[in-house]
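Read the structure below first, then the notes.
Every heavy atom of this structure was used, including side-chain atoms; hydrogens, water molecules and symmetry mates were not.
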Amino acid sequence: IIIRSGKTKINDVTVLSTIEDLTRVGSRQQLAEWADTHLSASSSVLIGFGRMQPAFAMTPYFVSPSFPGSLIKTFDVDDHYLAVPLLRESRAARSPVMCELGKDAGGDALWQTIFRQKGFSQVAVAANTELRDGYTTYLCLTDPNPGGAPDSDAGVRRTLAILTPVLHNVLSRLAFEESQQAKDDPISLLTPREREILDWIRMGKTNSEISCILGIAFSTIKNHVQRILIKLQVNNRRAAVRQAAELDLLP
């Protein structure tokens, strides 16, 4: 495997080192450090983890500073396949996919427009779904291989195909450990802000209403709600309120 990204060259030895370091990740902070070290050749990175069925909910586990924040807020719209870059295509192909984003590349999806506005020219996506429980790991890299050799796109896809299942196992383990910790200490499961937002949800407030009440951006409220659903391992707001009540997380 050879991937060229700017001045960075990833070969077999480097890929093995990347995977080895990934298997040692034991927290979200360590995941961020791993991504900063091994994925920094890309212009932006997003690592998401969530459940596809029966309702879609995905929480970003790592987002590089250059990844468009305006895109993340679309992750919980009804038609999530249109909102999340290349999720449908990667799941259908059961392999990583890539897309050109140049002016002449075509495509008018929201995420394509946002990426073009940021100056990105290419995106690579890998999605790994566990069929037994419906959980999905989502890895999105922009400009993963600018100026590479003619076969470099195939190298990027091959490397992501090797890397993403390992990443999925790591994220699944982190999610399980966080859920076990929450059982031992339910209060630590949600942050004070998340408990505050969940209490407003309990009172029947919408995301827009909570945004106005708290003076927080609508997109931020939506991200908080996504994290609440993932942490409580539920699929909708009503179930989140029930679960929080059982764990005595609400006032």
Original post:
Are a donor atom and an acceptor atom from the side chains of N128 and R94 found within less than 3.5 Å of each other?
Top reply: no
Original post:
Between E209 (side chain) and T206 (backbone), is there a donor-acceptor pair under 3.5 Å?
Top reply: yes
Original post:
So which heavy atom on V97 is nearest to which on R157, and how close?
Top reply: CA-CD, 4.4 Å
Subject >> Side-chain (D143) to main-chain (Q122) donor-acceptor, under 3.5 angstrom >> reply: yes
**OP:** Among L87, L86, V84, find the residue that satisfies the side chain to side chain contact (heavy atoms under 4.5 Å, CB included) test when tested with W111.
**Re:** L86
Original post:
Is the closest side-chain heavy-atom distance between N207 and R237 below 4.5 Å?
Top reply: yes
Subject >> Non-neighbouring partners of T136 that pass side-chain hydrogen bond (donor to acceptor under 3.5 Å, both in side chains), sequence neighbours left out >> reply: T129
Subject >> Closest contact, heavy atoms only, C140 versus V123 >> reply: SG-CG2, 3.6 Å
Original post:
Relative to each other, are the rings of F115 and F120 parallel, tilted or perpendicular (30° and 60° limits)?
Top reply: perpendicular
Original post:
Between H168 and T137, which heavy-atom pair has the shortest distance, and what is it?
Top reply: ND1-OG1, 2.8 Å
Original post:
Taking all atoms of both residues into account, what is the closest heavy-atom pair of G48 and L171, and its distance?
Top reply: O-CD1, 4.1 Å
**OP:** Look only at the side chain of S64 and the backbone of S44, and say whether a donor-acceptor pair between them is shorter than 3.5 Å.
**Re:** no
Original post:
Just by modelled atom types, is the P85 backbone N or O under 3.5 Å from a matching donor or acceptor in the Y138 side chain?
Top reply: yes
Quiz: residues 20-27 side-chain donor-acceptor pairs under 3.5 angstrom, not counting sequence neighbours:
| unit_1 | atom_1 | unit_2 | atom_2 | d |
| --- | --- | --- | --- | --- |
| E20 | OE2 | R24 | NH2 | 2.9 |
| D21 | OD1 | R24 | NH1 | 3.1 |
| D21 | OD2 | H38 | NE2 | 2.8 |
| T23 | OG1 | E20 | O | 2.6 |
| S27 | OG | Q30 | N | 3.2 |

Original post:
Is E194 reaching over with its side chain to a backbone N or O of T191, donor-acceptor style, under 3.5 angstrom?
Top reply: yes
Subject >> Nearest heavy atoms of A124 and P144, plus distance in Å >> reply: CB-CG, 3.7 Å
Subject >> Closest non-hydrogen atom pair, I228 against A240 >> reply: CG2-CB, 4.3 Å
Subject >> Any donor-acceptor pair under 3.5 Å from T220 side chain to I216 backbone >> reply: no
**OP:** Kindly confirm or rule out a cation-pi arrangement of R28 over F62, judged by NZ or CZ under 6.0 Å from the six-membered ring centre and within 45° of its axis?
**Re:** no
Original post:
Can you tell me if Q112 uses its side chain to pair, donor with acceptor, with the backbone of A109 under 3.5 Å?
Top reply: yes
Original post:
Is it true that a side-chain atom of R195 and a backbone atom of L190 form a donor plus acceptor pair closer than 3.5 Å?
Top reply: yes
